[in-house]
Chemist: 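Structure below; questions to follow.
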Amino acid sequence: TYTANNILSGYTKCRELGIALELFDEIPNRDSVTWNSMIAGYINYGNVDSAWDILKSMIRGGFMVDGYTFGSILKGVACEGSVGLGMQVHSLIVKTGYEENVYSASALLDMYAKCDRVEEAYMVFQVMLERNSVSWNALIGGYAKLGDLHTSFILLRLMESEGVRFDDGTFAPLLTLLDDPEFYKTTTAVHSKIKKLGLEFNTTVCNALISSYSECGCIEDARKVFENAIKSRDLVSWNSMLAAYLGHNKETLAFKLFIEMQDLGFDPD
RNA sequence: GGUUUAAUCUUAU
């Protein structure tokens with residue numbers, strides 16, 4: 001079964017869901033990993049309904065669901081924004097006693113946040129026994145998406161006081177929110193915090209900083225971040241800087257950048 | 001190389 005599971009996940013990662021399903025049907029001794037792999041496969045393929053069907057037969061067959069199961073299915077529910085299904089999963093979590101599992105609870109609160117139910121997300125967050133950076137990030141991201149800077153920053157301070165480490169998932173959504181010249185000072189403050197934590201060369205954080213500075217009207221600061229990130233640029237970095245130049249009507253610079261990125265082996269998308 | 005399955009995040013569309 002171990003080997004079969006390994007092959008199964010190979011197929012789902014290649015997005016070969018048809019072959020994966022055939023294999024799945026032929027595995028005689030399926031375990032939780034087999035089922036979870038199939039569910040995750042469908043979710044990553046964007047087929048929530050099939051994933052939900054698999055989950056239902058998994059339960060019908062008496063197999064143990066776990067944090068993997070809920071993490072996967074809720075991710076799909078969150079992307080679709082179908083709260084109804086999310087609530088069904090929620091009650092399943094309660095029924096199976098996975099409310100305090102950090103993966104299922106974080107996925108659950110994220111699902112509520114993405115479905116514009118931040119209140120419920122916060123309630124889930126409150127009853128969690130164990131919280132990691134993903135739990136905090138998901139909640140902060142929820143408020144950030146609403147444009148609630150105030151609450152986001154309060155939570156950020158709380159997160160820090162509880163000793164949970166900030167990471168790229170913490171800063172990126174916050175920076176996205178800082179998209180107007182009135183937030184320029186805030187952006188620089190967040191930037192210095194990022195430097196203090198040694199996240200200044202994190203690719204995702206840099207990319208978000210480039211966009212923020214640009215939207216705050218300071219193309220020069222955006223460019224500085226881009227220059228400093230020379231070792232940690234990815235395609236998004238180039239796209240962000242391009243968008244920044246174009247947003248500031250600097251077509252010539254944008255074009256030079258466009259040439260430069262191709263010289264360095266980045267294929268524009 | 002620490003690899004059988006899981007949750008949050010950045011650009012563009």
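Labels below follow one simple rule: chain letters A, B, ... track the order of the sequence lines, proteins then strands, and each chain is numbered from 1.
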Chemist: What is the distance, to the nearest angstrom, from the CG atom on A:N5 to the P atom on B:U5?
Modeler: 9 Å

Chemist: Could you work out, with salt bridge (Lys or Arg N to Asp or Glu O under 4.0 Å) as the rule, every residue matching A:K193, not counting sequence neighbours?
Modeler: A:E160

Chemist: Which residues satisfy the salt bridge (Lys or Arg N to Asp or Glu O under 4.0 Å) test with A:K224, sequence neighbours excluded?
Modeler: A:D221

Chemist: With a 3.5 Å cut-off and sequence neighbours excluded, list the donor-acceptor pairs that the side chains of residues 256-269 of chain A form with protein atoms.
Modeler:
from, atom 1, to, atom 2, distance (Å)
A:D269, OD1, A:N239, ND2, 3.2

Chemist: Per the ring-ring contact (aromatic ring centres under 6.0 Å, His included) rule, what does the pair list look like for residues 130-149 of chain A, sequence neighbours excluded?
Modeler: A:F125-A:W136

Chemist: Using the P atom on both, measure B:A6 against B:G2 and round to a whole Å.
Modeler: 16 Å

Chemist: Taking only residues two or more places apart in sequence, or in another chain, which ones meet A:Y112 in a ring pair (Phe, Tyr, Trp, His ring centres under 6.0 Å)?
Modeler: A:H90

Chemist: Tell me, please, which residues at least two apart from A:E220 pass salt bridge (Lys or Arg N to Asp or Glu O under 4.0 Å).
Modeler: A:R223

Chemist: Once you round it to whole Å, what is the distance between P of B:U5 and CD1 of A:I27?
Modeler: 14 Å

Chemist: What is the per-nucleotide protein-contact pattern of nucleotides 6-13 of chain B, from the 5' end, where B denotes a base atom under 4.0 Å from a protein heavy atom, S denotes such proximity for sugar-phosphate atoms only, and - denotes neither?
Modeler: BBBBBB--

Chemist: Distance only, no hydrogens: is a donor on one side chain within 3.5 Å (strictly under) of an acceptor on the other, for A:T34 and A:D31?
Modeler: yes

Chemist: Taking Watson-Crick and G-U wobble pairs with both distances under 3.5 Å, convert RNA chain B into its dot-bracket string, 5' to 3', dots for unpaired and | for cross-strand pairs.
Modeler: .............

Chemist: A:R117: which residues meet the side-chain hydrogen bond (donor to acceptor under 3.5 Å, both in side chains) condition with it, sequence neighbours left out?
Modeler: A:E120

